[in-house]
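Residues: numbered from 1 along the sequence shown. Below, each value reflects all heavy atoms present in this structure, side chains not excepted, and no hydrogens, waters or symmetry copies.
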Amino acid sequence: MTDIIETETDRLYLRQWQTLDFKPFARLNPDAEVMAFYPSTLSQKESDDLAVNFQSLIEQWGWGFWALEQKVSGHFIGFTGLHIPTHPRVYASN
């Protein structure tokens, strides 16, 4: 396992996902406005699967899509992060 990178800002913790994050994450994902720039909204199972994937990528690489925790409230408020593009067009030469 790689060392997991976690960091913080003045207002937020960027951290590894916890099981407690799954429910609030799933409440965001069926909302069409929240998911406007994604292919579709997500069911509870799809949302949980995505969170598990984010968790495993951080375990694998040490970084990825971190859970965002608001310092003042301690609540999960979303996610942010980095990812290696895998779509073939990203690597195609012009």
Original post:
At what distance, to the nearest 0.5 angstrom, does CZ of F65 lie from CG of L50?
Top reply: 8.5 Å
Original post:
For L42 and M35, which heavy atoms make the closest approach, and how far apart are they?
Top reply: CG-CE, 3.9 Å
Subject >> Gap separating the CG atom of D21 from the CD1 atom of I77, nearest 0.5 angstrom >> reply: 11.0 Å
Original post:
What is the minimum heavy-atom distance between K71 and D10, and which atoms define it?
Top reply: CD-O, 3.5 Å
Original post:
Does V72 share a hydrophobic cluster with L14, counting links as ILVMFWY side-chain heavy atoms below 4.5 Å and allowing steps through other members?
Top reply: no
**OP:** Quick one: sort the F25 and F79 rings into parallel, tilted or perpendicular, breaks at 30° and 60°.
**Re:** perpendicular
**OP:** Take F76 and L28, measure what side-chain contact (heavy atoms from CB on, under 4.5 Å) needs, and give me the verdict at the end.
**Re:** CA-CA 11 Å; F76 169 89; L28 295 172; 4.3 Å; yes
Subject >> Spatial distance of atom CZ (R27) from atom CD (Q44) [nearest 0.5 Å] >> reply: 9.5 Å
**OP:** Return yes when atom NZ of K23 has more than 12 non-hydrogen atoms of other residues, nucleotides or ligands closer than 6.0 Å, and no otherwise.
**Re:** no
**OP:** Go through H75 and E69 one step at a time and tell me if the side-chain contact (heavy atoms from CB on, under 4.5 Å) criterion holds.
**Re:** CA-CA 5 Å; H75 293 133; E69 179 182 318; over 6 Å; no
Original post:
How long is the span from the CD1 atom in I4 to the CD atom in E59, to the nearest 0.5 Å?
Top reply: 5.5 Å
Original post:
If you take all heavy atoms of Q16 and W66, which pair is closest and at what distance?
Top reply: N-CD1, 4.4 Å
Original post:
If you group Ile, Leu, Val, Met, Phe, Trp and Tyr by side-chain heavy-atom gaps below 4.5 Å, do F54 and L20 land in one group?
Top reply: no
**OP:** Return the orientation label for the W17 and F22 ring planes: parallel under 30°, perpendicular over 60°, tilted otherwise.
**Re:** perpendicular
**OP:** Before giving the answer on side-chain contact (heavy atoms from CB on, under 4.5 Å), spell out for R15 and E6 the whole-Å C-alpha distance, their side-chain angles and the decisive distance to 0.1 Å.
**Re:** CA-CA 5 Å; R15 59 165 175 73; E6 295 182 318; 3.3 Å; yes
Original post:
Closest heavy-atom contact between L57 and H83?
Top reply: CD1-CE1, 3.8 Å
Subject >> Side-chain donor-acceptor pair present, Q70, S73, cut-off under 3.5 Å >> reply: yes
Subject >> Minimum-distance pair of heavy atoms, taken over all atoms of A26 and S47 >> reply: CA-OG, 3.2 Å
Subject >> Derivation and outcome, side-chain contact (heavy atoms from CB on, under 4.5 Å), residues D31 and T41 >> reply: CA-CA 7 Å; D31 185 300; T41 58; over 6 Å; no
**OP:** Using a 4.5 Å cut-off on heavy atoms from C-beta on, say whether the side chain of I84 contacts that of W61.
**Re:** yes
